[in-house]
Amino acid sequence: MQSIYLDNNATTKMAPEVLEAMLPYLSENYGNPSSMHRMGAKAGAAIKDARERISAFLHCRESELIFTGTGTESNNLAIRGVLESSPGKTHIVASKVEHSSVLNVYTRMERLGYRVTLLDVDLDGIIDLDQLEESLTEDTALVSIMFANNETGVLSPMQTVVELVKARGIPLLADAVQAVGKAPIDLSALEIDLLSFSGHKFHGPKGIGGLFIRRGTRIRPMMLGGSQEKGIRAGTENIAFIAGTAKACELAEQHFEHMQTETKRLRDKFESHALAVIPGSRRNGHPDERLPNTSNVSFGGIEGESILLLLDEMGICASTGSACASGAIEPSHVLKAMGRTEDEARRAVRFSLSRYTTEDEIDFTLRELPPIIERLRNDAPTIIPEE
Ligand code: PLP
């Protein structure tokens with residue numbers, strides 16, 4: 001049976017062109033860029049070339065880009081690196097809907113004595129800007145606001161966030177792991193100080209991340225060792241994956257229009273049909289301020305996990321929310337922050353498309369989903385669907 005993959009916020013299929021760009025560095029070009037000989041020079045040139053292309057894609061300087069192992073590592077490096085470089089300041093701010101690779105670092109920092117403010121979001125998942133402004137003090141060392149949410153796709157009002165935070169001279173981290181390749185990002189126009197991303201979320205390989213660090217930002221390295229990545233992230237570079245990420249950026253640029261129009265059209269078709277034909281279904285997330293590929297819907301009366309199992313039997317891969325949280329029974333912290341009850345949060349299913357998603361796949365999913373919901377509701381007749 002062929003899989004219909006609608007879980008692209010968890011990870012994406014690697015583009016064939018990306019694999020092709022990586023293969024030479026997994027075979028004949030195996031030099032270490034720190035070596036003085038020609039093999040080393042070849043590897044060094046590949047990294048330089050990739051850095052040039054990725055920084056052009058993000059509209060930043062090459063010297064502002066550091067390669068890491070994952071998006072998680074980029075967030076850890078940004079938060080811990082900035083806090084260690086600003087001793088004396090003990091207050092940090094983030095939103096309640098950040099990814100665990102931000103929230104869990106904040107929890108650790110709280111145990112180490114930092115005061116943490118977690119900002120509310122409204123029913124549509126948009127952060128409370130008044131609360132952000134009120135929270136900033138002379139003591140604030142860092143603000144971390146995600147560019148786009150992994151569960152709902154909701155976009156943060158980044159321009160306003162930048163204006164509020166930069167007016168106070170406070171460093172701003174944007175977790176853009178879900179946004180890169182799906183939303184326009186121009187770091188020459190948007191004055192974010194640190195921005196994290198991850199190759200596998202936009203058809204690059206898994207196990208490669210990046211961190212943009214704006215010139216002048218104070219940061220202490222977390223990984224100590226050699227002088228790779230300007231000493232900010234020691235360790236022999238993953239040249240093949242870096243080259244693959246550059247190719248993935250290039251492809252994302254080429255297909256950007258397709259994502260904003262065709263992928264969005266398919267997402268909207270899916271969502272509007274599903275909401276119309278399935279009683280008691282409800283969208284989670286702002287209708288417009290959203291990534292073009294993401295649809296998060298709660299189906300009244302049924303747990304998301306039961307729906308996923310039956311979808312999987314039909315070859316359709318979706319998710320209950322963040323991939324990292326599935327497997328755990330905990331309802332989504334994102335949906336709870338958006339005012340959903342625990343039961344409502346457990347009823348959510350996330351469908352995330354990619355540029356490879358076809359109309360046939362969406363039509364098939366739209367045919368299969370309503371009877372699955374009906375069957376589950378008939379199996380559980382005591383549960384009354386919500387309005
Ligand atoms: N931040 C967000 C918003 C994510 O969605 C993810 C992954 O799901 C990460 C960070 C972590 O990225 P990685 O899987 O590369 O560690």
Side-chain angles (χ1 to χ4, degrees), residues 5-14 18 54 65-80 94-107 118-119 121 125 127 144-156 158 161 172-183 185 192 194-212 222-223 233 238 241-242 244-245 248-249 252 284-285 289-291 293-296 317-328 330 332-335 337-338 348 350-354:
Y5 189 74
L6 299 176
D7 198 12
N8 287 280
N9 287 8
T11 196
T12 56
K13 151 183 159 164
M14 200 162 78
V18 168
I54 299 171
L65 201 57
I66 295 297
F67 295 115
T68 67
T70 54
T72 298
E73 186 191 330
S74 298
N75 284 336
N76 272 257
L77 166 60
I79 298 168
R80 307 180 76 158
S95 80
K96 283 187 180 165
V97 297
E98 299 295 308
H99 187 259
S100 54
S101 57
V102 168
L103 287 179
N104 287 346
V105 188
Y106 269 49
T107 303
L118 293 182
L119 305 170
V121 296
I127 61 157
S144 182
I145 302 291
M146 70 202 313
F147 211 110
N149 185 270
N150 43 304
E151 295 188 30
T152 59
V154 170
L155 291 160
S156 295
M158 279 327 285
V161 169
L172 172 64
L173 162 66
D175 173 352
V177 166
Q178 290 293 342
V180 166
K182 299 179 216 158
I185 297 180
I192 292 162
L194 303 118
L195 179 131
S196 48
F197 61 94
S198 177
H200 75 103
K201 302 291 187 183
F202 57 104
H203 307 292
K206 292 169 188 57
I208 179 78
L211 181 64
F212 158 79
M222 290 295 109
M223 197 71 82
R233 203 278 190 173
N238 192 343
F241 286 38
I242 291 171
T245 303
C249 288
N284 297 308
E289 297 302 317
R290 233 182 344 159
L291 293 173
N293 77 318
T294 309
S295 176
N296 187 313
C317 306
S319 165
T320 51
S322 118
C324 320
S326 58
E330 277 297 291
S332 149
H333 70 285
V334 174
L335 298 181
M338 289 164 64
R350 178 187 70 187
F351 301 87
S352 47
L353 287 63
S354 82

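Below, all heavy atoms of this structure are taken into account, side chains as well, without hydrogens, waters or symmetry copies. Just so you know, ligand 1 is whichever comes first in the structure, and atom 1 is the first atom listed for that ligand.
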Practice prompt. Would you please say whether a donor-acceptor pair under 3.5 Å links the side chains of Asn9 and Ser319?
Written response: no
Discussion item. Under a 3.5 Å threshold, yes or no: a donor from one side chain and an acceptor from the other, between Glu73 and Thr70?
Written reply: no
Fill in: With Phe147 via ring pair (Phe, Tyr, Trp, His ring centres under 6.0 Å) - residues at least two apart
none
Worksheet item: Between Leu291 and Leu155, is any pair of side-chain heavy atoms under 4.5 Å apart?
Response: yes
Item to complete: Check whether any side-chain heavy atom of Thr294 sits under 4.5 Å from a side-chain heavy atom of Arg350, and report yes or no.
Response: yes
Worksheet item: Is it true that Ser101 lies under 4.0 Å from ligand 1, counting heavy atoms only?
Response: yes
Side chain or backbone of [X] under 4.0 Å from ligand 1, or both, or neither, by non-hydrogen atoms?
X: Asp175; value: side chain
X: Thr72; value: both
X: Lys201; value: side chain
X: His200; value: side chain

Fill in: Lys201 side-chain N/O to Ala10 backbone N/O, donor-acceptor pair under 3.5 Å
yes
What atoms of ligand 1 come closer than 4.0 angstrom to any heavy atom of [X]?
X: Asn150; answer: 3 (C), 5 (O)
X: Met146; answer: 3 (C)
X: Ser198; answer: 13 (P), 15 (O)

Worksheet item: For Gly71, is at least one N or O under 3.5 Å away from an N or O on ligand 1?
Response: yes
Worksheet entry | Pairing residues for Thr11 by the side chain to side chain contact (heavy atoms under 4.5 Å, CB included) criterion, not counting sequence neighbours | Tyr5, His200, Lys206
